[in-house]
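Notes follow the structure.
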Number of protein chains: 2
Amino acid sequence: MKVISWNVNGIRSVFKKGFMRWLNTQDADVICLQETRAQRDQIRSELARIADKGWFVHLVAAEKKGYSGVAMLSRKDPDSIWTSLDSDELDREGRLQVARFGDLTIANGYFPNGSGKNRDHSRIPYKFRFYEALFDKLEPQRASGERVLVVGDYNTAPTEIDLARPKSNRKTSGFTHAECDHLNAILNKGWTDVFRAQHPNETGHYSWWSNRPGVREKNVGWRIDLTLASSGLLPDVQSGFILPNVMGSDHCPIGVTIDAS
Amino acid sequence: MKVISWNVNGIRSVFKKGFMRWLNTQDADVICLQETRAQRDQIRSELARIADKGWFVHLVAAEKKGYSGVAMLSRKDPDSIWTSLDSDELDREGRLQVARFGDLTIANGYFPNGSGKNRDHSRIPYKFRFYEALFDKLEPQRASGERVLVVGDYNTAPTEIDLARPKSNRKTSGFTHAECDHLNAILNKGWTDVFRAQHPNETGHYSWWSNRPGVREKNVGWRIDLTLASSGLLPDVQSGFILPNVMGSDHCPIGVTIDAS
DNA sequence: CTTTTCATG
DNA sequence: CATGCAAAG
């Protein structure tokens, strides 16, 4: 079973750049998209084209137009989906959907960017509240050994080898000590960053690049899109992968293959 | 002597579409531009390229970025220029410059659009105040027989033959009875719409087309860019013209040739 | 630099 | 539909 995650930075944008062509070559079972930046009424035709190819599509949109949003495409319709963290504040931005496929739970999260208005760090507290609310909510399932996968754009690079310029980015949101500590605390509670577990020391593997000219060509990137596997799922994980050559967004797709249950 | 007027809908936009190429083929003495939508610091290089070709350039910008603004290009530097209607309200939007070249006065006006926020008519009163302030200010010169030309985007079509769809636009700002009456009252005071005076009954001559697809191809337009000549200038007017094939804006250039004094 | 919205035309 | 801006990333 293959699960892909991709921050598309505007689903309408990637549609213009051949999203359907890419989608039609994928043998994934579930595709989680982040930063879709569209409400349902704005992408009726796009959703229809996806559905026409046999995908079930579940969309979650932010209240604010053109902002945030996630979508899950799956070959089978999930048995159930929930999207609320029981917080008006955290639920307003369309950042989460958690689907159940048999005994496998897949969470698709677009974790908040910590940068605020003046490029300050004012949104880091919100980001932390989002991390905590989601992983607290999943903790019972993880602790009881259930198979849970949490994919998405975490907006945090876990360690120095997960970005090309760690030294110069210690004050950049996404690699502050506070954010790294927060993410690593989650990992230490029993979640495994699948790609890193399989490539413990490899550098140069990123999932996001600034779209300033030349940056992606020089591979000056960050690995902030992750698949975290619960302790119970870990034995079934086959491989974590990154698809850095897929263009269309400032992020590339990442993913994981797991044994079917 | 040739004077051209053109609402360029963004001087930066027409620059990308070959404005300099067009300019270099013009034998005009004065070119009046409206809706330049730029402050001086935003178009330093564009202004330099114009000056390099031997034009004197005078710019008036709105306080609000990206909004309104006029510019006058001339082969000779004007003897004097004034830009204020002695009204904070009317002066804030960079809609006017009045230049003197010997005994000829040329006013370049970007008369306000009457449409307000909700596509209502809330800006019509402002538009009327602008018309009145300018023509009141020019009245002594006109009355004393001076040579005065007032060119620009009047945002009003004078009569039914000045737009392709008069019937369906009686409630559209730019062709309401109030606006037409206001403009015609000015004409009756001793200003001549040069193009119409020379082509009294000709239809199909327009200077603006909605940029919705096909509209310009079908010539469904409005003649809202005018050159008005004072009573004293009228005997020296040779011809009024429209250049509907010049592309780059939703307006085309218009103009007039007059005897040198 | 990019996507999307908004105000304005 | 198009320009230029702003917010956000």
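Chain naming here is simple, since letters A, B, ... match the order of the sequence lines and numbering starts at 1 in each. Any value given below was found using the heavy atoms of this structure, including those in side chains, with hydrogens, waters and symmetry copies removed. Computed from a prediction, not measured in an experiment: that's the story for all the values here.
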Earliest and latest nucleotide of DNA chain D, 5' to 3', sitting under 4.0 Å from a non-hydrogen atom of chain A?
D:dA8 to D:dG9
Value in whole Å for how far the P atom of C:dC1 lies from CZ of A:Arg212:
8 Å
B:Asn7 side chain to B:Trp208 side chain, donor-acceptor N/O pair below 3.5 angstrom:
no
Tell me which one of A:Glu89, A:Glu93, A:Glu132, A:Glu179 satisfies salt bridge (Lys or Arg N to Asp or Glu O under 4.0 Å) with A:Lys127.
A:Glu179
With a 3.5 Å distance limit and no angle check, can you tell me whether B:Asn155 reaches the backbone of B:Phe111 through a side-chain donor-acceptor pair?
yes
B:Arg123 to B:Tyr126, cation-pi by 6.0 Å centre distance and 45° axis angle
yes
Is A:Ser249 touching bases, backbone alone, or none of the nucleic acid, heavy atoms closer than 4.0 Å?
nothing
Atom CH2 of A:Trp208 and atom P of C:dT2 are separated, to the nearest Å, by 13 Å
For C:dT3, take OP1 and OP2 only and decide whether either is under 4.0 Å from a side-chain N or O of A:Ser13.
yes
Could you tell me if B:Asp91 and B:Ser84 have a donor-acceptor pair between their side chains, going purely by distance under 3.5 Å?
yes
With a 4.0 Å cut-off on N to O distance, would you call A:Arg212 and A:Asp250 a salt bridge?
no
Short side-chain to backbone donor-acceptor contact, A:Gln42 and A:Gln39, under 3.5 Å
yes
Salt bridge or not between A:Lys117 and A:Asp120? Use side-chain N to carboxylate O under 4.0 Å.
no
At a heavy-atom distance below 4.0 Å, what parts of residues 34-43 of chain A sit against DNA chain C?
A:Arg37, A:Gln42
Selected nucleotide, minimal atom distance to B:Tyr67 side chain, candidates C:dT8, C:dT3, C:dC1:
C:dT8
What residues 218-227 of chain B contributes to the DNA chain D interface at heavy-atom separation below 4.0 Å is none
Residues B:Asp193, B:Arg223: salt bridge by 4.0 Å N-O rule:
yes
Measure NZ/A:Lys65 against C1'/C:dA7 and give the value in whole Å, please.
14 Å
Counting only N and O atoms by type, is there a donor-acceptor contact under 3.5 Å from the side chain of A:Tyr131 to the main-chain atoms of A:Tyr154?
yes
Expected output: side-chain B:Arg170 to main-chain B:Phe175 donor-acceptor under 3.5 Å:
yes
To the nearest angstrom, the CG-P distance between B:Asp153 and C:dT8 comes to 17 Å
